[in-house]
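Handing you a structure now.
It should be emphasised that the depicted structure is a prediction, and the values quoted were computed from it without experimental measurement.
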Amino acid sequence: MSNIVNDAVEDYIRGTLAENTGQIKDMEKYAKENSVPIIHKEVSELLRVILNIHKPKRILEVGCAIGYSSIFFSSVLKNDVEIITTERNPVMLKEAEKNIEKAGLSDKINILVGDAQETLKDVDGKFDMIFIDAAKGQYKMFFDLVIDKLNVNGIVVSDNILYKGMIADDGLVVRRKRTIVKRMRDYLDYLCQAEYLDTSIIPIGDGVAISYKNSDRK
């Protein structure tokens with residue numbers, strides 16, 4: 001139960017969407033068996049549509065895990081994209097490197113090893129899309145580090161922003177998660193109020209925010 005939408009609706013959507021195949025499906029199985037968080041099926045299909053419309057040439061991802069999202073993005077874009085991603089967990093890093101090499105994408109996907117707060121400072125160039133899917137209590141910090149690296153007309157995708165419904169309902173908040181919830185609420189308020197962004201909050205998966213950069217940040 002995600003506390004985001006009715007369970008029956010969620011099950012129907014996931015059951016209706018076509019299954020992935022090949023390595024992507026194998027990674028989904030690995031993630032499920034090893035409790036590795038990856039993007040929800042309905043979110044990945046939304047991103048498939050966005051990627052096909054937007055056709056980004058450079059993507060910056062905050063939070064690589066086993067490399068699922070990066071490999072998925074590249075597969076949708078027919079490998080016609082450069083992706084820079086970040087990861088500090090050595091177990092996840094080892095699995096990601098193995099998966100990226102198996103996919104034949106070592107020259108397309110570059111993993112910055114270490115704490116994203118440090119590694120993101122040294123990223124060069126501009127990007128057409130930013131995908132944030134890392135420590136939930138640090139989204140605003142990550143955003144501030146990367147938003148000026150995003151081209152005007154680029155998009156920011158922030159995943160898991162409703163955080164099992166806790167962001168919307170105090171009755172669901174677990175005590176030890178209060179700081180994360182407050183920070184995520186502040187982050188969403190910022191996204192929705194910033195004049196240089198147009199943001200939509202979408203209640204699918206664990207919640208996703210899509211932000212369009214309409215001008216440079218002042």
- prompt: Do we see a donor-acceptor contact under 3.5 Å between the side chains of Tyr163 and Lys177?
  reply: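 The criterion, which ignores hydrogens and geometry beyond distance, is satisfied for Lys177 and Tyr163.
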- Cation-pi between Lys140 and Tyr190: NZ/CZ under 6.0 Å from ring centre and within 45° of the ring axis? yes
| message | Run Glu42 and Arg14 through salt bridge (charged side-chain N to carboxylate O under 4.0 Å, His left out) and show every step you take. | response | CA-CA 6 Å; Glu42 59 272 37; Arg14 292 181 181 178; 2.9 Å; yes
Answer yes or no: is there a donor N or O on one side and an acceptor on the other, between the side chain of Lys94 and the main chain of Ile66, under 3.5 Å? no
For the student: nearest non-hydrogen atoms of Ile39 and Tyr68, plus distance
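It is CG1-CE2, 3.6 Å.
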| task | Classify the side-chain pair Asn153/Tyr212 by whether it contains a donor and acceptor separated by less than 3.5 Å. | result |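 Present: a donor and an acceptor within the cut-off.
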Are the side chain of Arg58 and the backbone of Lys126 linked by a donor-acceptor contact shorter than 3.5 Å?
yes
**Asked** Is the side chain of Thr16 donor-acceptor paired with the backbone N or O of Tyr12 at a distance under 3.5 Å, no angle test?
**Response** yes
Tyr139: ring pair (Phe, Tyr, Trp, His ring centres under 6.0 Å) partners, not counting sequence neighbours
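With sequence neighbours excluded, Tyr139 shows a ring pair (Phe, Tyr, Trp, His ring centres under 6.0 Å) to Tyr187, given in chain and number order.
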>> Run Glu45 and Arg48 through salt bridge (charged side-chain N to carboxylate O under 4.0 Å, His left out) and show every step you take.
In response: CA-CA 5 Å; Glu45 293 310 302; Arg48 185 191 300 276; 2.9 Å; yes
Is it true that a side-chain atom of Lys121 and a backbone atom of Glu118 form a donor plus acceptor pair closer than 3.5 Å? no
I'd like to know if the side chain of Ser74 reaches the main chain of Ile71, judged simply by a donor and an acceptor atom lying under 3.5 Å from each other, with no hydrogens or angles considered.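 No; zero donor-acceptor contacts below 3.5 Å.
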- request: Say whether Glu61 and Ser70, considering side chains only, have a donor N or O and an acceptor N or O under 3.5 Å apart.
  value: yes
Legend entry - Whether over 12 other heavy atoms sit under 6.0 Å from Arg88 CZ: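 No, CZ of Arg88 has 12 or fewer neighbouring heavy atoms, counting only those of other groups under 6.0 Å.
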**Asked** Any Lys/Arg nitrogen of Asp80 or Lys57 sitting under 4.0 Å from an Asp/Glu carboxylate oxygen of the other?
**Response** yes
| Considering the options Glu97, Glu95, Met92, Glu87, which one meets the side-chain contact (heavy atoms from CB on, under 4.5 Å) requirement together with Cys64? |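 Between Cys64 and the candidates, side-chain contact (heavy atoms from CB on, under 4.5 Å) is satisfied uniquely by Glu87.
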Judged by modelled atom types alone, do Asn151 and Lys213 share a side-chain donor-acceptor pair under 3.5 Å?
->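 No donor-acceptor contact under 3.5 Å links the two side chains.
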Treating Ile, Leu, Val, Met, Phe, Trp and Tyr as nodes and any side-chain heavy-atom pair under 4.5 angstrom as an edge, say whether Ile84 and Val113 lie in one connected cluster.
-> no
Write down the atom of Thr199, the atom of Cys192, and the distance for their closest heavy-atom approach.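 Where Thr199 meets Cys192 most closely, the heavy atoms are CG2-SG, 4.2 Å.
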When you measure from the side chain of Asp169 to the backbone of Gly171, do you find a donor-acceptor pair of N or O atoms at a distance under 3.5 Å? yes
*asked:* Tell me if a side-chain donor or acceptor on Lys164 pairs with a main-chain N or O of Asn3 at a distance below 3.5 Å.
replied: no
Would you please test Ile130 and Ile59 for side-chain contact (heavy atoms from CB on, under 4.5 Å) and show each step?
-> CA-CA 6 Å; Ile130 293 171; Ile59 296 176; over 6 Å; no
Going by side-chain contact (heavy atoms from CB on, under 4.5 Å), name the residues that satisfy it together with Ala116, two or more places apart in sequence or in a different chain.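 With neighbours one apart ignored, the set is Val62, Thr86, Thr119, Leu120, Phe142.
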With the threshold set at 4.0 Å, does a side-chain nitrogen-carboxylate oxygen contact exist between Lys136 and Asp206? no
Applied to residues 20-59, the ring-ring contact (aromatic ring centres under 6.0 Å, His included) test, sequence neighbours excluded, yields none
- Message: More than 12 heavy atoms of other residues, nucleotides or ligands under 6.0 Å from NZ of Lys25: yes or no?
- Response: no
For the side chain of Gln23 and the backbone of Asn99, is there at least one donor-acceptor N/O pair under 3.5 Å apart? yes
Of all heavy-atom pairs linking Val5 and Pro203, the shortest is CG1-O, 3.1 Å
request  = Please confirm whether the backbone N or O of Ile167 pairs with a side-chain atom of Arg185, one donor and one acceptor, at under 3.5 Å?
outcome  = yes
